[in-house]
Amino acid sequence: MLKSIAVLTSGGDSPGMNAATRAVVRTAVFEGVKVWGIYNGYQGMIEDDIHELTSRSVSDIIQRGGTFLGTARSDEFRTEAGRKKALANLKSHNIEGLVIIGGDGSLTGGALLSKLGGMPIVGLPGTIDNDVWGTDYTIGADTAVNTILDAINKLRDTASSHRRIIVIEVMGRKSGWLAMMSGIAGGAEYILVPEAKFNIDQMCQDLKKSYTSGRRYSIIVVAEGAGSGIEIGKQIGTKTGIDTRVSVLGHIQRGGSPSVEDRLKASILGERAALAVISGVSNVVFGFNSGKVVSIDLFDSVNNTKTLDPELVRLARVLA
Ligand SMILES: Nc1ncnc2c1ncn2[C@@H]1O[C@H](COP(=O)(O)OP(=O)(O)O)[C@@H](O)[C@H]1O
Ligand SMILES: O=P(O)(O)OC[C@H]1O[C@](O)(COP(=O)(O)O)[C@@H](O)[C@@H]1O
Ligand SMILES: [Mg+2]
C-alpha cells in the first residue's frame with residue numbers, strides 16, 4: 001500500500017472535475033494516505049506547483065464547475081525532458097502514485113509519463129467532449145450537453161418568431177458526440193458531425209422545399225469538427241435565400257454547476273481511482289459502460305479512437 005499520492009486535472013476543464021478531485025482526496029484521507037494536489041495540470045507538475053491537501057481543502061467545491069486545482073495545456077510536457085522534470089518533482093515530495101483527471105490528450109501524456117517508470121498511474125476521463133475510448137461516459141459531458149440543450153431551446157423561440165434558420169456550432173474537437181446528443185434531444189432538423197458525410201446542396205434544397213410547404217424555422221447543429229458554423233451558415237443563407245443566423249456557443253459549454261450525473265459518477269470514479277492507485281494498480285482508466293464502472297487499459301484507451309454510435313446518426317435522420 002502506498003503512503004503518498006497526488007492528483008491533477010489537465011486539458012480543458014469540465015464540470016465534475018472538482019467532484020472527482022474531492023473524492024480522490026477524501027478517499028486517500030479516509031485510508032490514512034497523504035495526498036498532494038498538483039496545480040495547473042502538467043505545467044504545474046513541471047514547475048513544482050505541488051501542495052499537500054487535506055479533507056478541508058476540498059470543501060465547498062462539489063457544486064462548482066471548472067477545477068479548483070486549475071488546469072493547463074502544457075507544450076513542455078510533450079517533450080521527454082519536460083516529463084522527466086515533472087517526474088523528478090513528484091519524487092522530491094516522496095509521491096508514490098498519481099491520479100490524472102483529463103481528456104484523451106492528458107491520458108496520452110499520462111501513458112508517456114508511465115513509460116518513464118517510477119510510479120503507478122491511474123486515469124479518469126475528464127472532458128466535455130466524451131471522446132475517451134473504452135468508456136461511454138466522461139466527467140462533464142452530461143452537464144455540457146444540458147447547457148447546449150438549454151441554448152437550443154432558447155434559439156428555437158427566436159428562430160420560430162422570425163421564420164429563420166439558426167445554425168448552432170458546438171464544441172467537441174474531432175468528436176460529434178455533443179452535437180449528436182444535444183441535436184437529437186433538442187429536435188434539430190440537421191446535425192452535422194465529423195463522423196458522418198453530409199451534402200450541403202441537398203440539405204439546402206430540402207430546406208427550401210420544407211419552407212415552401214409551411215415550415216416556420218429550422219435548427220441546424222454543427223459540431224466544430226464538421227466545419228465552421230459561420231461558414232456553413234453563410235452557405236446555407238446564400239443557397240436557400242432563407243434568413244439565416246449563426247450562434248457559436250463557445251466556452252459557455254464548458255462552465256456551470258455540474259449535473260447530478262456528473263457529480264455522482266465523478267465521485268464514484270474518484271474513489272475507485274484513489275483506492276486503485278493506493279493499492280499499487282497502474283496504467284488503468286476508470287470509466288462507465290452501460291451504467292457500470294469499468295477499468296480500461298490506459299494504453300488501449302489512448303491508442304484507440306472512440307466512434308460515434310451509427311444508430312444515433314440514423315435516428316437523427318429519421319426524426320428530422
Ligand atoms: N501526445 C502527447 N504527448 C505528451 N503530452 C500530451 C500529448 N497530448 C496531450 N498531452 C498533454 O496533455 C495536455 C492536455 O491535452 P489536451 O489534448 O489539450 O486536453 P485533454 O486532455 O482535455 O484532451 C497537453 O497540453 C499536454 O501537456
Ligand atoms: O479552451 P480551448 O483551449 O480554447 O480549447 C477548446 C477545446 O477544448 C474543448 O472544450 C475541450 O476539449 P479537451 O477536453 O480535449 O480539452 C473542446 O471541445 C474544444 O475544441
Ligand atoms: Mg481532448
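Side-chain atoms are counted along with the backbone in the values below, which use heavy atoms only and exclude waters and symmetry mates. In listed order, ligands and their atoms are each counted from 1.
Side chains of Asp13 and Thr71: a donor-acceptor N/O pair is absent below 3.5 angstrom, by distance only. Side chains of Ser4 and Asn94: a donor-acceptor N/O pair is absent below 3.5 angstrom, by distance only. With hydrogens and angles left out, the side-chain atoms of Ser59 and Arg26 include a donor and acceptor closer than 3.5 Å. Side chains of Gln43 and Glu47: a donor-acceptor N/O pair is present below 3.5 angstrom, by distance only.
Below 3.5 Å of separation, one finds an N or O of Asp104 facing an N or O of ligand 1. For ligand 1, one of its N or O atoms has an N or O atom of Arg73 under 3.5 Å away. In terms of N/O distances under 3.5 Å, ligand 2 is approached by His251. Taking only nitrogen or oxygen atoms, main chain and side chain alike, Gly11 does not reach within less than 3.5 Å of ligand 1. Geometrically, ligand 1 and Thr108 share no nitrogen or oxygen pair separated by less than 3.5 Å. For ligand 2, the polar-atom distance check against Gly103 finds no nitrogen or oxygen pair separated by under 3.5 Å. Backbone and side-chain nitrogen or oxygen atoms of Gly172 are examined, and one is located within less than 3.5 angstrom of a nitrogen or oxygen of ligand 2. Polar contact check, Gly105 against ligand 1: a nitrogen or oxygen pair lies under 3.5 Å apart.
Set against the non-hydrogen atoms of Thr127, the atoms of ligand 2 under 4.0 Å away are 13 (P), 14 (O). Close approach of ligand 1 to Gly103 (heavy-atom distance below 4.0 Å) involves ligand atoms 20 (P), 21 (O), 22 (O), 23 (O). Atoms of ligand 1 found under 4.0 Å from any heavy atom of Arg83, numbered from 1 in the order shown, are 4 (C). When each atom of ligand 1 is checked for a heavy atom of Tyr42 under 4.0 Å away, the hits are 11 (C), 12 (O), 27 (O).
The protein atom (non-hydrogen) at minimum distance from atom 13 (C) of ligand 1 is Ser10 OG, 3.8 Å. Atom 14 (C) of ligand 1 has Ser106 OG, 3.5 Å as its closest protein atom, hydrogens excluded (heavy atom only). Regarding atom 7 (C) of ligand 1, its nearest protein heavy-atom neighbour is Arg78 NH1, 3.5 Å. Among protein heavy atoms, atom 5 (N) of ligand 1 sits closest to Gly109 CA, 3.5 Å. Summary of contacts: the protein heavy atom closest to atom 3 (N) of ligand 1 is Leu112 CD1, 3.2 Å. The nearest heavy-atom contact from the protein to atom 27 (O) of ligand 1 is Ser74 O, 2.6 Å. The single protein non-hydrogen atom nearest to atom 18 (O) of ligand 2 is Asp129 OD1, 2.7 Å, given as residue, atom name and distance.
Using a 4.0 Å heavy-atom cutoff, Gln253 is absent from the residues neighbouring ligand 2.
Contact annotation for Arg254 and ligand 2: only side-chain heavy atoms (C-beta onward) come within less than 4.0 Å of the ligand. Counting heavy atoms closer than 4.0 Å to ligand 1, residue Gln43 contributes nothing at all. Contact annotation: for Leu107 versus ligand 1, there are no heavy atoms closer than 4.0 Å.
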*Test Ser247 against Val167 for side chain to side chain contact (heavy atoms under 4.5 Å, CB included), laying out the working first.*
CA-CA 6 Å; Ser247 189; Val167 174; over 6 Å; no
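A salt bridge between Asp201 and Lys239 is present, with a side-chain N of the basic residue lying under 4.0 Å from a carboxylate O of the acidic one. By the 4.0 Å N-to-carboxylate-O rule, Lys208 lies too far from Asp206 to be salt-bridged with it. Electrostatic pairing of Glu76 and Lys85 counts as a salt bridge here, judged by a charged N lying under 4.0 Å from a carboxylate O. A salt bridge between Arg164 and Asp243 is present, with a side-chain N of the basic residue lying under 4.0 Å from a carboxylate O of the acidic one. Look at Glu189 and Arg215 and you find a salt bridge, because one of the NZ, NE, NH1 or NH2 atoms lies within 4.0 Å of a carboxylate O, short of that distance.
Looking at Asp104 and the Mg ion (ligand 3) together, the shortest N, O or S contact belongs to OD1.
When every heavy atom of Gly172 is checked against every heavy atom of Glu224, the shortest pair comes out as N-OE2, 3.0 Å.
Ring to ring, Tyr39 and His51 are close: their centroids are under 6.0 angstrom apart.
Note that CG of Asp49 is 11.0 Å distant from CG of Leu8, once rounded to the nearest 0.5 Å.
For the pair Met119 and Glu96, the minimum side-chain heavy-atom distance is 4.5 Å or more.
Among Arg173, Met171, Arg73, Glu224, the residue whose heavy atom sits closest to atom 20 (O) of ligand 2 is Glu224.
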